[in-house]
Amino acid sequence: MNASTVTGATTGTVSASADSGARTPAAAEVIGGARERIDALDDRIIGLVQERMAVSAVVQEARIGSGGRRVHLAREMEILSHYRDALGKPGTQLAMTLLELCRGRV
């Protein structure tokens with residue numbers, strides 16, 4: 001290996017593959033496209049979580065306004081079960097995180 005390869009001064013493959021972990025330009029291109037899609041999906045997921053937080057605040061306001069408690073544990077258990085059934089054990093952790101994000105904003 002020469003100095004230009006180590007510094008990335010060759011055809012750009014080294015720096016592109018260093019960013020993606022790919023060993024070929026074709027793989028780096030596939031990874032780059034997939035990462036763009038993942039970034040777009042992440043933006044949508046974040047937007048949906050923010051929307052869920054807003055809807056949860058409406059539910060909490062209505063519940064508290066009617067004399068109820070901020071958190072409805074039976075409903076939270078349904079949500080945990082739904083996520084676990086759909087995504088397996090890690091789904092429970094994801095649901096817990098969502099519930100935590102949506103609690104107590106009122």
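Count residues from 1 along the sequence. Fair warning: this is a prediction, and the values are worked out from it, not measured in the lab.
Of all the heavy atoms in Ile79 and Leu99, the pair that sits closest is CD1-CD2, 3.9 Å. Shown here for Ala22 and Ala28, the closest heavy-atom pair between the two residues is CB-N, 3.4 Å. Here the closest non-hydrogen pair linking Leu87 and Pro90 is O-CD, 4.0 Å.
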Notebook entry, point to check: Can you check side-chain contact (heavy atoms from CB on, under 4.5 Å) on Arg63 and Arg70, steps first, answer last?
Noted result: CA-CA 7 Å; Arg63 190 180 303 119; Arg70 181 175 49 88; 5.6 Å; no

Checklist line | Test side-chain contact (heavy atoms from CB on, under 4.5 Å) applied to Ser20 and Arg35, step by step | finding: CA-CA 9 Å; Ser20 68; Arg35 283 183 175 173; 4.2 Å; yes

Next item on the list: Decide side-chain contact (heavy atoms from CB on, under 4.5 Å) for Val71 and Leu73; before the verdict, give the C-alpha distance in whole Å, the side-chain angles of both, and the deciding distance to 0.1 Å.
Entry: CA-CA 6 Å; Val71 175; Leu73 295 178; 3.7 Å; yes

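Side-chain atoms of Gln93 and Thr97 include no donor-acceptor pair closer than 3.5 Å.
Of the charged side-chain nitrogens involved, at least one lies within less than 4.0 Å of a carboxylate oxygen, so that Glu78 and Arg75 count as a salt-bridged pair.
Atom CG of Leu41 and atom CD1 of Ile46 lie 11.0 Å apart (nearest 0.5 Å). Here the straight-line distance linking atom CG of Leu48 with atom CG of Leu98 works out to 10.5 Å at 0.5 Å rounding. Separation of atoms CD (Gln60) and CE (Met53) is listed at 10.0 Å; rounding is to 0.5 Å.
Cluster annotation: Tyr83 and Leu101 are assigned to the same hydrophobic cluster (Ile/Leu/Val/Met/Phe/Trp/Tyr, side-chain heavy-atom contacts under 4.5 Å, transitive). Hydrophobic clustering of Ile, Leu, Val, Met, Phe, Trp and Tyr side chains at less than 4.5 Å, counting indirect connections, keeps Ile38 apart from Val30. By the rule that hydrophobic residues join a cluster once side-chain heavy atoms approach within less than 4.5 Å of another member, Val59 and Met96 end up as members of separate clusters.
Within the 4.5 Å cutoff, the side chain of Arg103 has heavy atoms near those of the Glu76 side chain.
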